[in-house]
Amino acid sequence: MADINNLSSVYEPQLVEDKWYEFWKSNDFFAPSADYSKIPFSIVMPPPNVTGALHLGHALDNTLQDILARFKRMQGYNTLWLPGTDHAGIATQAVVEDALAQEGLTRHDLGREKFLEKVWEWKDLYGNRITSQLSLLGSSCDWTRERFTMDEGCSKAVREVFVNLYEKDLIYQGNYIINWCPRCNTAISDIEVEHEDSSGNLWHIKYFVEDAEDYIVVATTRPETMLGDTGVAVHPEDERYKDLIGKNVILPLVNRVIPIFADDYVDKDFGTGVVKVTPAHDPNDFEMGLRHNLEQIKVIDNHGIMHENAGVYQGLDRFACRKRVIEDLTEQGYLEKIEEHSHAVGHCQRCATIVEPMISKQWFVKMKPLAKPAIEKVTAGEIKFIPARFTKTYINWMENIRDWCISRQLWWGHRIPVWYCDDCGEVIVSKTDPTVCPKCNSTNLRQDEDVLDTWFSSALWPFSTLGWPEATKDLAYFYPTSVLVTGRDIIFFWVARMIFSGIEHMGEIPFADVNIHGLILDGQGRKMSKSLGNGIDPIKVIEKYGADTLRFSLITGVTPGNDIRFHWEKVEGIRNFANKIWNASRFVLMNMEDYKTINVENKLTLVDYWIISRLQETIKTVTRNLEEYDYGEAAKNLYEFIWDDFCDWYIELAKPRLFRPQDNMERLLVQNVLHDVLSDTLRILHPFMPFITEEIYQYLPSHNRTIMLDKWPIADDEKIWTDFVDDMQDIMQVVRGIRNIRAEFNINPGAKIEAILIIKDAAKREIFTQNSSYIESLANLASLYIEDALDTKPKQAVSAHTHLVEIYIPLEGVIDIEKEISRLEKDFKNAENDLTKATNKLKNEKFLAKAPPEVIAKEKGKAEEAKLKKEGIEKRLQILKN
RNA sequence: GGGUCGUUAACUCAGCGGAAGAGUGCUUCCCCGACACGGAAGAAGUCAUUGGUUCAAAUCCAAUACGACCCACCA
């Protein structure tokens, strides 16, 4: 360690952060010890995308987890924070495909096996970037237990779960309507579709009734799907169309004869009240089709191109086809009118391509039976969402859940563990790869081509990472995990699925608390996105300002669950705070050369009692806030205690006592208080700012191996001396009063002046007398006189008044009496206002009857204080006016 | 259509039943033996609107307005 006196007066995080991370990691401080007699505390990290880069969302998410992990570790819990990464099926495959496209290749040119080799190469190359970035943040996760959703253990867990669910009839395969992304070329689940309102048209098309002159008009937003219409629906009670039910219409352009039928689904008041029904390309039409036995005609293929069933339109892109269909309808006189209409259009979450609903053979998880216990555990309070309002979000979604489409037509992911026998058609679902058909002994087996939704494996994360399906020690000890920390954007994708998976496969909830945080937005409140180019790279922030500053900036002044706007100004403010901590610590350490530990009891003075009390209160609040996951409030309390109380008041008061002590004991005493307060402060600050606190900690005369394994301070109520705190506040008020006069009368800050305090209350006068040296130094006084009364009150003086004290500053030369009078009159008015407010309350009988006694007592105190202050000013005004 | 969040000083946000707060910015003064990434003092707010509950409302309730987000199968 460098000599404390040579340290820079500006804190330079770049010089210390890497050093300490390496120190912690190489000493295995992050890895929980084998001491299983201790109480466990465990968190699994939401696994970031393996090929991704750290963004501010990750920075926030992991800062919160690290705060909890470090806090609990210091409290003595056997703490495991388990890190890992996600294979992120579509996202990763897309990145590698993009890279291939640079060489003019597609994945099909390489073939499945070669392509997967490429993805693994990619993973090995870039897979560590995110984890090394997490290290830069200071994340105290146990890298020795790091996992990956496609590692051997997790893959085993996936198969186990798939087979279990299949055997319980909770996984099935079938032809249903699903969301299809024509660009990604795969099915996606309902929640991977993002609906966005877009202005479109509602086209009104005439469908002529068979064998009649009559026609009915259907309204549609997607005219190209009419090519697949196999019916027309009206509401059963719609008088307009009642007579037509059971008749047929002739589908324009196609000339197919299709039935008119009645269905409750139809809304009489929307459009024309007539719905064209395309069972193969619309989820509602699909349902109606089933109810009325309609034919399903697929007219759009997997690439979004019109299918051969589309007749002359075959080969056209679906949107080009829309144009052509409109043109043809217009030409042939079928188009009645075009209305403007805004409606929600589904886009692929990954690539923003407009999703096409279509019938497809896919694998599904039956959700209702799984959702039921998952709802119950939450409503029963076994799993708690913090903030609580997210409970509702979760329950609403779970109650309206639909089956989960889990198969994806991708190559990167967990291959579905299903084999088909080409000889007898047997379907084999197996945990291990089969070699022969159990039914016909054929070896002509073919594995299902598809992979599983990436969230299928993430859903198992809290137990697959601890060794399941093996009965490992870690699993027995750390499961259920203590808390899950994650963003509100993945409650459905991830949290909900972990909950039902944990209950179903472990028979136990995966975590007791779910701590949801908001999203990081840019300065204007917009989501950060690549297309807007408004993203902030957290690594850049760390390089410039340090990880501690980034961490603290992300959490301070933030309400739980609310979104957070990122502002550089705030980062700079926190950088200044870090610098403040650095310099205050430097001050303490620079005055430690002759320090030795003494027993400070019975030697403390008012200011010592005060700062120790404030420290206890801060420890208490910060501890409670952390237990309640209120990071913002905890950070705010730390900031205020350190900057306002410790730096601005205590250190200032410590200076004369250190430099010009009455005796050697005084210096020793102050050194001890400074040391102890700093030491505790560093420890309660450590979870928030791990690096700077470790750096300073190591300079403390008394320190252990590392701050991160030192003890979390426990607040001592007996060290909260409220009387001393009150007295100190009285003194601070007087100091502020004198300073205010100095500033208002432009007294040179360097000039030492004289002040007179009139204090009637004998006990208070005694306290002020005992502590007069503090007032002298803080207000920079040459002399201070404390009296019970003043016989001849000087006219050539300015005054200020608190409820206890009249302050007089005699001024040489002439003071502007008029100005002084108006200054005092303003104060007088304020005191009078306070007094009337309080007395009015006290005159109110209902208030006296119903308000709690302590509130009434407080109000009486306020009235008394205001009265004394008012009287003081009044008397002074009389003198000035005569 | 349903739901959630927000509306407090010029800006960014805390506070969420008992005397309006912070940071930034602004004004004035100050390099005083930790820090000018600093210190001292100061100006600055009908706490969106309207009703209600209460002795007491920025804080609870209800409506409204304006933002933002989420869910949803009105073609």
Side-chain angles (χ1 to χ4, degrees), chain A residues 7 9-11 177 191 195 202 218-222 225 233 265-267 269-278 282-288 341 343-344 357 389-390 392-393 396-397 400 402 488-489 491-492 518-519 521 523 525-527 545 556-559 561-565 567 569-570 572-591 632-633 636 639-640 644 647-648 651-652 655 658-659 736 739-744 746-750 778-780 833-834 837-838 841 844-852 854-856 858-859 862 866:
Chain A
L7 292 180
S9 66
V10 171
Y11 174 58
I177 195 123
I191 47 176
H195 294 273
L202 198 54
V218 303
T220 180
T221 54
R222 296 192 302 153
T225 62
Y265 162 76
V266 179
D267 179 352
D269 301 323
F270 185 86
T272 58
V274 186
V275 184
K276 59 185 269 318
V277 181
T278 322
D282 183 280
N284 302 310
D285 295 3
F286 176 78
E287 295 294 331
M288 280 196 279
H341 178 66
H343 63 130
R389 67 182 132 96
F390 292 105
K392 205 168 166 182
T393 312
N396 281 347
W397 187 72
N400 298 300
R402 298 162 76 192
R488 60 171 170 74
D489 50 335
I491 294 178
F492 305 144
L519 272 32
L521 309 173
R526 302 170 303 179
K527 264 191 197 173
Y545 294 101
T556 189
V558 171
T559 315
N562 282 14
D563 289 349
I564 301 154
R565 289 195 195 187
H567 287 106
E569 293 82 357
K570 187 172 182 185
E572 279 179 14
I574 302 303
R575 184 268 320 266
N576 296 351
F577 176 54
N579 197 240
K580 190 78 181 175
I581 296 161
W582 176 249
N583 279 294
S585 305
R586 224 163 46 89
F587 171 82
V588 174
L589 296 167
M590 281 177 348
N591 289 292
E633 196 59 19
K636 196 179 106 186
Y639 185 98
E640 285 169 356
D644 301 344
C647 294
D648 287 349
I651 286 185
E652 288 313 314
K655 285 175 183 174
L658 283 171
F659 301 145
R736 286 197 193 99
R739 283 171 170 175
N740 172 283
I741 290 172
R742 294 187 68 120
E744 273 193 47
N746 279 326
I747 298 168
N748 187 312
L778 289 171
N780 197 24
N833 280 345
D834 288 349
K837 237 191 209 165
K841 266 194 179 177
N844 186 338
E845 278 172 33
K846 282 182 179 169
F847 173 74
L848 293 172
K850 296 198 173 176
E854 64 269 21
V855 174
I856 296 172
K858 206 174 160 191
E859 213 58 39
K862 280 195 286 191

How long is the line joining [atom1] of [X] and [atom2] of [N], in whole Å?
X	N	atom1	atom2	result
A:Asn740	B:rU28	CG	P	17 Å
A:Lys837	B:rC55	NZ	C1'	16 Å
A:Lys841	B:rA56	NZ	P	10 Å
A:Asn833	B:rA20	CG	P	12 Å
A:Asn400	B:rG3	CG	P	13 Å

Check: [Y] main-chain N/O paired with [X] side-chain donor or acceptor under 3.5 Å:
X	Y	value
A:Arg526	A:Leu521	no
A:Lys570	A:Thr556	yes
A:Asn740	A:Arg736	no
A:Arg488	A:Gly561	no
A:Asp563	A:Leu519	yes

Comparing nearest nucleotides in RNA chain B, the 5'-proximal residue of the pair A:Ala743, A:Val10 is A:Val10
Between [options], which one does the side chain of [X] approach most closely?
X	options	answer
A:Lys862	B:rA14, B:rA19, B:rC55	B:rA19
A:Asn579	B:rC55, B:rC37, B:rU12	B:rC37
A:His567	B:rG15, B:rC55, B:rU12	B:rU12
A:Arg739	B:rG3, B:rC37, B:rA40	B:rA40
A:Ala851	B:rA41, B:rU28, B:rG18	B:rG18
A:Glu633	B:rG3, B:rG15, B:rU54	B:rG15

Checking all strands, does [X] fall into the base, sugar-phosphate, or nothing category for heavy-atom contacts under 4.0 angstrom?
X	answer
A:Pro357	nothing
A:Thr559	sugar-phosphate
A:Gly573	nothing

Could you tell me whether the phosphate oxygens of [N], OP1 or OP2, come under 4.0 Å of any side-chain nitrogen or oxygen in [X]?
X	N	answer
A:Arg575	B:rC37	no
A:Asn576	B:rG38	yes
A:Lys858	B:rA19	yes

For nucleotides 66-75 of chain B, 5' to 3', base contacts (B), sugar-phosphate-only contacts (S) and non-contacts (-) with protein non-hydrogen atoms under 4.0 Å give ---SSS-BBB
Look for any protein N or O under 3.5 Å of an N or O in nucleotides 32-34 of chain B and output each such pair with its distance, or none.
unit_1 : atom_1 : unit_2   : atom_2 : d
B:rG33 : O6     : A:Arg660 : NH1    : 2.3
B:rA34 : OP1    : A:Lys655 : NZ     : 2.9
B:rA34 : O3'    : A:Arg586 : NH2    : 3.4
B:rA34 : O2'    : A:Asn583 : OD1    : 2.7
B:rA34 : O2'    : A:Arg586 : NH2    : 2.6
B:rA34 : N7     : A:Lys655 : NZ     : 3.2
B:rA34 : N6     : A:Cys647 : O      : 3.3
B:rA34 : N6     : A:Glu652 : OE2    : 3.0
B:rA34 : N3     : A:Asn583 : O      : 3.3
B:rA34 : N3     : A:Ala584 : N      : 3.2

Which one is paired to B:rA68, where only Watson-Crick or G-U wobble pairs with both distances under 3.5 angstrom count?
B:rU4
Are a donor atom and an acceptor atom from the side chains of A:Asn583 and A:Asn579 found within less than 3.5 Å of each other?
yes
In whole Å, what separates the C1' atom of B:rG6 from that of B:rC31?
44 Å
